[in-house]
Amino acid sequence: MSKAVVLVTGGTGLVGQAIKHIIESEPEGSRFGKQPGESWIFASSSEGDLRDPSQSRRLFEKYKPTHVIHLAALVGGLFKNMKYKLTFLRDNILINDNVLHSSYESKVEKLISCLSTCVFPDKVEYPLDERKIHSGAPHESNFGYAHAKRLVDVQNHAYKEEFGCNFTSAIPTNVFGPHDNFDLEDSHVIPGLIHKCYLAKQNNTPFVVAGTGKPLRQFIFSWDLAKLFIWMLREYDDVEPVILSVGEDEEVSIRAVADAIVKAVGFQGDYTFDTKRADGQFRKPASNKKLLSLMGGFEFTPFDQALDITVDWFLKNYESARTGNANIA
Ligand code: NAP
Ligand code: GFB
């Protein structure tokens, strides 16, 4: 991919910054490093609000990307999704339609968009694999976001059949890492609990975990996910999506996550469960068999080690990190 220009939309977020970290720290020319002659652009919404087709077109005209990793989205955890179902549906449909059409108009050689394992049907035979995306309704807690994301798979097939576009998608499981959104209410569970546990330790106040702690999740460290995106960019050219996740046997309970966060933050107190708050989807065990068979294996960072890196980053960057309520723009 000499002289490639790789545009990462949503480049200033959790996943975008992880890709930036990997592409800049891996040796040039290596499997996950920058290739000679390649340039990478990590765009934020200040470069263009991608809900607006003219701003999307202007971004593509400015950078003339040959390849796009499309991460830009309205993103949030369970509670933010439950609050803003139409906004998640509409904003993400607008963003995705504009980025896919700008990619087509700019004759982008390859576009990888981002779904999420929460798009899978809630009532379905486990494990979840790439063939089951559309075989039932998603969990009601985030049906807006889930349908917007599922539509990208439909759009990819339509662009391929009508225009021969090389568009595909990745399906990451729950992600965490440096540069995450640590907002107390609107974030995902790991950054939200890290922030809550930190405040409990600092202020000697109760540490409260939402729900029952019983739901199960698979978590992927953002630096690992970044390597998988770079692999897809270089080595995967099929329209069908690929689940990017740790194995089904790596499911952990929310209680186990809270215990790991207490250890990583060094909190000495106890925590309680606020069972008045929702649990959301009980589990969404995704299979990474397709990924591993295509890649020939991959070494995921151990969860506790990834959590330590994330907590260290949070403590060092507390003043500048996303810790306040991110408004719905
Ligand atoms: P994030 O940290 O919230 O970052 C979102 C990025 O999108 C930011 O760079 C943001 O720019 C940009 N953005 C938001 N609205 C925009 C708009 N209207 N126009 C242009 N840019 C906009 O999210 P993330 O966790 O990195 O997620 C990246 C992708 O992974 C998303 O597609 C998400 O659906 C997917 N994903 C995430 C998870 C997870 O657990 N985090 C799991 C599965 C899939 P600003 O910084 O300027 O706001
Ligand atoms: O990461 P999370 O918000 O999203 O995890 P989902 C929610 C689970 O963690 C629920 C429990 O079982 C919550 O009860 N939990 C406990 C907490 N304490 C907290 C807390 O302080 N904050 C949060 N957020 N949860 C999301 C989808 O589902 O998965 C998104 O809604 C996205 O669309 C994301 O796809 C990857 O895993 O439940």
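Read the numbers this way: they start at 1 and go in the same order the structure lists the ligands and their atoms. Because the structure is a prediction, the values reported are computed rather than measured. We're numbering straight along the sequence, starting at 1.
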Measure the distance from [atom] to every protein heavy atom, then report the residue, atom name and distance (to 0.1 Å) of the closest one.
atom                    : value
atom 8 (C) of ligand 2  : I254 CD1, 4.0 Å
atom 21 (O) of ligand 2 : K196 NZ, 2.7 Å
atom 27 (C) of ligand 2 : N142 ND2, 3.5 Å
atom 34 (C) of ligand 2 : H188 NE2, 3.3 Å
atom 7 (C) of ligand 2  : L78 CB, 3.9 Å
atom 10 (C) of ligand 2 : D279 O, 3.1 Å
atom 29 (O) of ligand 2 : K284 NZ, 3.2 Å

Under the rule for salt bridge (Lys or Arg N to Asp or Glu O under 4.0 Å), what residues qualify as partners of K110, not counting sequence neighbours?
D237
Show your reasoning for whether side chain to side chain contact (heavy atoms under 4.5 Å, CB included) applies to V15 and I69.
CA-CA 11 Å; V15 181; I69 297 178; over 6 Å; no
Would you say ligand 2 has an N or O under 3.5 Å from any N or O of [X]?
X    : value
A278 : yes
N81  : yes
C118 : no
V189 : yes
A210 : yes

Does ligand 2 have any atom that is closer than 4.0 Å to a heavy atom of A258?
no
Of the listed options (P138, S187, G77, S116), which comes nearest to atom 24 (N) of ligand 2 when hydrogens are ignored and any heavy atom counts?
S187
Which option out of K214, K149, R217 puts a heavy atom nearest to atom 6 (P) of ligand 2?
R217
Taking NZ, NE, NH1 and NH2 as the nitrogens, is one of them in [X] or [Y] under 4.0 Å from a carboxylate oxygen of the other?
X    : Y    : result
E140 : K85  : yes
E61  : R57  : no
K290 : E240 : no
K3   : E109 : no

Would you check ligand 1 and list the protein residues that come within less than 4.0 Å of it by any heavy atom, ordered by chain and number?
G10, G11, T12, G13, L14, V15, S44, S45, G48, D49, L50, R51, L71, A72, A73, V75, I95, C114, L115, S116, Y145, K149, P172, T173, N174, V175, H188, R322
Which residue pairs pass the side chain to side chain donor-acceptor pair (under 3.5 Å) test when at least one of the two sits in residues 189-216, sequence neighbours left out?
H195-Y318, T212-D279
Could you check if a side-chain atom of C197 sits within less than 4.5 angstrom of a side-chain atom of F207, using non-hydrogen atoms only?
yes
So for Q281 against ligand 2, with non-hydrogen atoms under 4.0 Å, the contacting part is neither
Using a heavy-atom cut-off of under 4.0 Å, does the side chain or the backbone of F88 touch ligand 2, or both, or neither?
neither
ring-ring contact (aromatic ring centres under 6.0 Å, His included) filter on F221, not counting sequence neighbours, yields F176, W223
Ligand 2 atoms in contact with P215 (distance to a heavy atom under 4.0 Å)
12 (O)
Atoms of ligand 2 close to Y145 [distance to a heavy atom under 4.0 angstrom, numbered from 1]:
32 (C), 33 (O), 35 (O)
For the backbone of V108 and the side chain of S106, can you confirm whether one donor and one acceptor N or O come within less than 3.5 Å of each other?
no
Is the number of heavy atoms from other residues, nucleotides or ligands under 6.0 Å of E235 CD greater than 12?
yes
Where do [X] and [Y] come nearest, in terms of heavy atoms and distance?
X    : Y    : answer
V175 : L225 : CG2-CD2, 3.7 Å
D129 : F120 : O-CE2, 3.2 Å
D153 : P241 : OD1-CD, 3.6 Å

Verify the ring-centre separation between Y145 and F143: is it less than 6.0 angstrom?
no
